[in-house]
Amino acid sequence: MSSQLLPSAPLSITPPPPSKARPPVLLHTLSQRTHIPPHVYKHPSAILLELCTSMKELHQILPLIVKNGLYDEHLFQTKLVSLFCKFGSMPEAARVFDPIDDKIDPLYHTMLKGYAHNSCLDDALSFFNRMKYDSVRPVVYNFTYLLKVCGDSADLVRGREIHGQLIVHGYASNVFAMTGVVNMYAKCRLIDEAYKMFDRMPERDLVCWNTIVAGYAQNGLAKRALELVSRMQEDGQRPDPVTIVSMLPASANLGSLRSGKQIHGYVVRAGFVLLVNVSTALVDMYCKCGLVGTARLIFDGMRSRTVVSWNSMIDGYAQSGDSKEAWILFKKMLDEGLKPTGVTIMAALHACADSGDLAGGEFVHQLVNQLGLVSDVSVMNSLISMYSKCKRVDIAAKLFEDLPFRTLVSWNAMILGYAQNGHITEALNHFCRMKLQNIKPDSFTMVSVIPALAELSVLRQAKWIHGLVIRTCFDKNVFVMTAIVDMYAKCGSVHIARRVFDLMPERHVTTWNAMIDGYGTHGHGKAAVELFREMRRGDVEPNEITFLCIISACSHSGFVEEGRRFFIIMKEDYGLEPSMDHYGAMVDLLGRAGKLNEAWDFIQSMPIEPGINVYGAMLGACKIHKNVDLGEEAADRLFQLDPEEGGYHVLLANIYATASMWDKVAKVRTMMEKKGLQKTPGCSLVDLRNEVHTFYSGSTWHPQSKKIYAFLETLIDKIKAAGYVPDTNSIHDVEDDVQEQLLSSHSEKLAIAFGLLNTSPGTAIHIRKNLRVCGDCHNATKYISLVTRREIIVRDMHRFHHFKDGSCSCGDYW
DNA sequence: CTAGGGTTAG
């Protein structure tokens, strides 16, 4: 067996000359007395050298050794070089190495090892070439050092070269050398090439099986990695702790609890549980498979833990959404005096981002500075994400701009940060900026940019990015394509969305959700329900979000009974517990349909304390159905919850205004002022050729402003002739003509006028509005679509309105 | 001097 492990070519180490120095007398006599051959005893200088643990100690010991005389000169030289290499000082190693006249081969080997470990690959290779020049025959382990460095730096070109040289030197069948080759190719992400080399090996031992298993596991081919473990067992190799530590992340990656538990069983039977790296990998696996509690039990039962154990557990909590527990454990780790690593910091920042804990995030930021982790770009990326999630995209941007070098992840974090904070133009600018710097976007970039364009709601831009997605082959990526489906729906083209949806070979639950929601917001309740039924017949399981989408689709279309049924099915058939958003959607469903008392009773029967969104839905329903009493009651409860949004107060004020209760309107306004709440200014966007034009109520800064107002005046006369009556009952404190003027300068009317002025007859006009469409604008737009024979598509904060021939797709029900 | 494999991370 062991003969197979020997190199096929003879080793070329020249035997060192017999030692001239005799061991000191004491040791010599000791060895005679105990019949141990004298060469087993080491020279005291050698022992001293071996005790060195740092460069400082080495420099202290050196004079002593020189004073007390050298033992074997070659051994001393080699030992010294080895120590300088070990402590990372290649210049000092070279100072010892260079002047030596009769260099023995091991001296060269030691030096090469030093270069391989401490310097760049170039230094190691040029030393390797010098060896050849000095006629030193390379030995197997010279190649293994170099292959390792190639693998670590993923330098495929040099890796191949060394592979070639290794063959020339006759090591093509050497297990050690070829294991190094397999590992090198695997690290260079050429797993097929790695397997080819593995397959050609005449003999395979445990280490080389472990190498190929780890190779597959690290290249994301988890299933194949686990299959190979079965094969290695058929080949007579028993998985050892190293195998296990590759298998566990593989089964975690698969999310396969069954195989994870199987491995756990094996670990227990084989007696590996006490090994800290094995139990750490178990903790990680259970976290990734969703059993964070089980992971915690293992973590708590560990006799010793490394920083990796802590990191795995903290990140396990962070990834599973338990940011509270993640934070508690992070603090505990600090309390125990453990030094966090970059990974710890990233997990902690993830937790802060999730819970919106800015103060916690700032604390971690300080820690990053103290620990000197500012040069760790991954940590900085996490800081950017944390600040963005905590709505401080300004700080995130500052960090991003100050980065000495940026990775793709940095760009993605920044683009997503901008997109999620509503800075759509900035998100798109950065996308263009990264492309100008020749940084290739990945699917994460696309999934950040596409929703930004969806927010912009400009069909032309949507088609542009869709084209880009196809050209860059991201149309094979289910997440990117889901974003595209969602984007088309949000750009008003639910039919294109459906076409893209139909063409997708693979659909994720989010793909179905996007399409169902698309139908819902466009008021195509029937299509939404049909698609949901189709989904249930297929093998993609609906999730909580699916039910949110379908219930809200029912709400937009007035399908009260269907909506109710879905709410029940959700729990009974799928075991999904309704969240606050689901309760909100149900109140909206009932309330919108005019079943205000039922909606109120529904709120009373909720098993959890109703949130802002629930009372908000109630208030909205009261506005539609002009119910002051219930509206007041809902608002009362709502305001106790201290909403940061000024919109709810405006809603209540509008309820009062509709009922001409002007004193109450004034009261609400005062309350708003006291609380420092502001009404979000209404704004409408319209895209024209290459520009997005923004209009605010009464704004006059647009270059075409004069033309727009003049056109609007004649337009309003025309629709009045067709039957339009301005709805002035929400304004009371100004003269009639001023009321009308205020109404006619609403942002959507300005945007529509601008759109009509600048586009050709027969084309549709797309308007994007940040708030809900007001009643008067809704009515006016219907008439405008009639008299101008133009289709006008308005996307408000909740849904789409397709105005055509005097009516709206929402059936005046929004 | 005296070889090759392994854990956490957007």
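What's counted below: heavy atoms across the whole structure, side chains too, no hydrogens, waters or symmetry copies. Proteins get letters first, then strands, A, B, ... in listed order; numbering begins at 1 in each.
- Counting only heavy atoms from C-beta on, A:Gln319 has its side chain closest to B:dG10 among B:dG4, B:dT8, B:dG10.
- Closest approach of A:Cys150 to A:Met184, counting heavy atoms only: CB-CG, 3.9 Å.
- B:dT8 atom C1' lies 11 Å from atom CE of A:Met333, rounded to whole Å.
- Stacking annotation: A:Phe176 is not stacked on the base of B:dG4 (requires ring centroids less than 5.5 angstrom apart and an interplanar angle below 30 degrees).
- A:Phe143 and A:Phe128 have their aromatic ring centers within a separation under 6.0 angstrom.
- Looking at heavy-atom distances under 4.0 Å, A:Asp240 makes contact with a base.
- Contact annotation for A:Thr144: backbone-only contact, meaning every heavy-atom pair under 4.0 Å involves sugar-phosphate atoms and none involves a base.
- At whole-Å resolution of the value, NE2 in A:His109 and C1' in B:dC1 are 8 Å apart.
- You'll find that the side chain of A:Val343 is closest to B:dA9, out of B:dG4, B:dA9, B:dT7.
- Rounded to an integer number of Å, the gap from CG of A:Asp376 to P of B:dG10 is 12 Å.
- Between A:Arg160 and A:Glu193, at least one side-chain N (NZ, or NE/NH1/NH2) sits under 4.0 Å from a carboxylate O, which counts as a salt bridge.
- Side-chain proximity of A:Asp442 to B:dC1, B:dT7, B:dG10: nearest is B:dG10.
- Residue A:Ala214 is classed as a sugar-phosphate contact, given heavy-atom separations below 4.0 Å to backbone atoms only.
- Note on A:Lys103: nothing from the nucleic acid sits closer than 4.0 angstrom, heavy atoms only.
- The nearest whole Å value for the distance from the CZ atom in A:Phe97 to the C1' atom in B:dC1 is 12 Å.
- Following rounding to the nearest Å, A:Leu147 (CG) and B:dA3 (P) show an atom-to-atom distance of 15 Å.
- Counting to the nearest Å, the C1' atom of B:dT7 and the CG atom of A:Leu275 are 12 Å from each other.
- Considering only side-chain atoms of A:Thr110, the nucleotide from B:dA9, B:dG4, B:dC1 that sits closest is B:dC1.
- For the pair A:Asn183 CG and B:dA3 C1', the interatomic distance rounds to 13 Å; values are reported in whole Å.
- In this structure, the CD1 atom of A:Ile104 is 12 Å from the C1' atom of B:dT2, given to the nearest Å.
- With distances taken from any side-chain atom of A:Thr179 to the nucleotides B:dT8, B:dT7, B:dG4, the minimum falls on B:dG4.
- As judged by a 4.0 angstrom heavy-atom cut-off over every strand, A:Lys288 is placed among residues touching the sugar-phosphate backbone only.
- In summary, the aromatic rings of A:His109 and A:Tyr145 are positioned with their centroids too far apart to meet the 6.0 Å limit.
- Within 6.0 Å of atom NZ in A:Lys196, 12 or fewer heavy atoms from other residues, nucleotides or ligands are found, so the atom counts as exposed in its surroundings.
- Side-chain atoms of A:Asp205 lie closest to B:dG4 of the nucleotides B:dG4, B:dA9, B:dT7.
- Considering only side-chain atoms of A:Tyr145, the nucleotide from B:dG10, B:dT7, B:dT2 that sits closest is B:dT2.
- Between A:Asp235 and A:Arg231 no salt bridge is recorded (no basic side-chain N to carboxylate O distance below 4.0 Å).
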